[in-house]
Amino acid sequence: MDEKLIKKKLIHPGKGSGDHSDGTKITFHIKTETCEEEPKVIDDSKLWKEPVELLLGKKFKLEVLEACIRTMAPGELSSFTIDKVLLAPYPLVSKTLRDAYSKNKINKEKKPHHCCGMGLKEGLGYPDLDELVKTPKDLRFTIEILKVAGVGSYEKEFWAMTEEERLVSIPALKEEGNALYKAGDHEAACKKYSEALGRLEQLMLREKPGDEEWVKLNDMKMPLLLNFAQCQILQGEYYSAIEHCSTVLEKQPENVKALYRRGRAHVEVFSPDEARRDLEKAAQLDKSIAPSCRKLLAQLAKMEEEKNMLDKSAYSKLFSS
């Protein structure tokens, strides 16, 4: 660290070493202020929703700040006075942190939206940061290291994973969802399936529809959609379950699970024709679920009968009054 451009002041020592390897996840609080006689606070993460997290070695846009953090031990509190020549990226980094963590955005100006993202020419949307772009200043960063998690001791964020890790994480989430489903925690299982589906969608966006990789990913999606739909049915989210089963049936018209689950959901929302069509087809394709289909069809017939009786009663009252 260049002591002419960066001056460190230890406020409270930490425990252990400050030599952290790439891939270490650091959780910390940061306060940024000017170095004037009456310092002006620019950012203070203690006023945000949560502390800041940084994954070392992942090309953080403010290299000097990462370099400072690498020198700090767990629990350490230090301040770093940094020369403005090293801080050109800071306004953009500050904007990114505020947008991600800040719960108070009242100082943010409304700017026209640009499809390619807001650049420095249009302004950052925060008056104090725009001023800092125009007039760079030396800044003081007070940093408190809250937690240090070594490589392998934490679950990586999806964006930080390699391609192989991303692919492996999807069936792992599915298995977690299956275990939660068997334990009766349908809400938690639903979240796992939803997260896995979201990751698949992100990977599919990078492929051309119909290409080999896209087809492989889409095939992985089908059982997840079915599991997700089953959880939704058990939570009363029938229309969503119908939608997801329909997605499966567009690709696999004779998928018995999709037909049965969509038929069941159609019964619950009282769509008799659709329910009857799905359940009868499912029973024809798989004799083992025919008794369950007949049971749902009997339930549907009873619902229709009750509705007819209610309609007749309402009709007779209308003309007897």
Side-chain angles (χ1 to χ4, degrees), residues 1-36 39-108 124-126 128-129 132-133 136-161 165:
M1 207 183 302
D2 190 335
E3 293 185 3
K4 292 181 180 179
L5 300 176
I6 307 170
K7 295 178 181 177
K8 178 177 179 178
K9 179 182 177 183
L10 180 66
I11 300 171
H12 187 279
K15 295 181 179 179
S17 169
D19 183 18
H20 309 299
S21 60
D22 286 354
T24 301
K25 182 159 73 171
I26 310 287
T27 305
F28 61 98
H29 272 306
I30 182 169
K31 182 178 181 181
T32 311
E33 54 193 335
T34 60
C35 298
E36 301 158 332
K40 179 183 176 183
V41 175
I42 298 173
D43 288 312
D44 186 351
S45 66
K46 289 187 177 180
L47 303 177
W48 295 350
K49 293 180 291 186
E50 53 192 21
V52 181
E53 288 184 347
L54 173 63
L55 207 58
L56 298 182
K58 287 294 179 180
K59 297 182 180 178
F60 185 57
K61 294 187 184 298
L62 189 58
E63 292 181 10
V64 63
L65 185 59
E66 180 170 335
C68 292
I69 289 171
R70 282 180 181 271
T71 70
M72 299 179 69
E76 180 180 327
L77 177 65
S78 291
S79 69
F80 298 83
T81 302
I82 303 177
D83 192 284
K84 61 188 176 186
V85 299
L86 299 175
L87 294 175
Y90 180 73
L92 190 56
V93 169
S94 175
K95 169 189 163 51
T96 303
L97 291 174
R98 290 183 190 186
D99 289 348
Y101 292 97
S102 181
K103 58 186 176 183
N104 179 12
K105 300 181 182 178
I106 57 172
N107 293 326
K108 189 172 181 179
L124 295 171
Y126 295 93
D128 57 339
L129 297 182
L132 200 56
V133 171
K137 297 179 180 179
D138 296 351
L139 297 175
R140 183 183 304 112
F141 296 84
T142 304
I143 302 169
E144 180 184 5
I145 303 298
L146 302 176
K147 186 178 178 183
V148 175
V151 180
S153 67
Y154 62 90
E155 185 177 347
K156 282 187 181 179
E157 298 287 343
F158 188 62
W159 61 266
M161 294 178 181
E165 287 171 335

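Because only heavy atoms are used, hydrogens play no part in the values below, and waters and symmetry mates are left out as well, while side chains stay in.
Of the possible polar contacts, one joining the Glu66 side chain to the Gly57 backbone as a donor-acceptor pair under 3.5 Å is found. Distance alone, capped at 3.5 Å, is enough to place a donor-acceptor pair between the Thr34 side chain and the Lys40 backbone. Listed for the Ser45 side chain is a donor-acceptor partner under 3.5 Å among the backbone atoms of Ile30.
Contact of the Leu139 side chain with the Ile42 side chain is registered, since non-hydrogen atoms from C-beta on lie closer than 4.5 Å. At a threshold of 4.5 Å between non-hydrogen side-chain atoms, the residues Pro136 and Leu87 do not count as touching. Between His29 and Pro51 there is a side-chain heavy-atom pair separated by less than 4.5 Å. Side-chain atoms of Thr96 and Lys61, non-hydrogen and from C-beta on, never get closer than 4.5 Å to each other. Between Lys95 and Pro91, the closest side-chain pair of non-hydrogen atoms is not below 4.5 Å. Contact check for Val93 versus Leu65: no side-chain heavy atoms found under the 4.5 Å cut-off. Within the 4.5 Å cutoff, the side chain of Phe141 has no heavy atoms near those of the Ile69 side chain. Within the 4.5 Å cutoff, side-chain heavy atoms of Glu53 are placed close to those of Tyr101.
With rounding to the nearest 0.5 Å, the separation of NZ in Lys9 from CG in Leu77 is 10.5 Å. Atom NZ of residue Lys137 and atom CD of residue Glu36 lie 4.0 Å apart, to the nearest 0.5 angstrom. In this structure, CD1 on Ile11 lies 10.0 Å from CD1 on Ile143, to the nearest 0.5 angstrom. In this structure, CD1 in Ile145 is found 13.5 Å from NE2 in His12, a value given to the nearest 0.5 Å. Rounding to the nearest 0.5 Å places NZ of Lys31 at 12.0 Å from CD of Glu144.
When each of Ile82, Thr81, Thr71 is paired with Ile6, the side-chain contact (heavy atoms from CB on, under 4.5 Å) condition holds for Ile82 and for no other.
Of all non-hydrogen atoms in Lys49 and Ala100, the two that sit nearest each other are NZ-O, 3.5 Å. Leu86 and Pro89 get closest at one heavy-atom pair: O-CD, 4.1 Å. Between Leu55 and Gly23, the shortest heavy-atom contact is CD1-O, 3.6 Å. Across Ala73 and Lys15, no two heavy atoms sit closer than the pair CB-O, 3.8 Å.
By the 4.0 Å N-to-carboxylate-O rule, Asp138 lies too far from Lys7 to be salt-bridged with it.
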Worked verdict on Leu124 versus Val133 for side-chain contact (heavy atoms from CB on, under 4.5 Å): CA-CA 9 Å; Leu124 295 171; Val133 171; 4.0 Å; yes

Lys8 and Met72: CA distance, side-chain angles, deciding distance, side-chain contact (heavy atoms from CB on, under 4.5 Å) verdict: CA-CA 10 Å; Lys8 178 177 179 178; Met72 299 179 69; 4.2 Å; yes

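Thr32 and Tyr90 share a donor-acceptor pair across their side chains, judged by distance under 3.5 Å alone.
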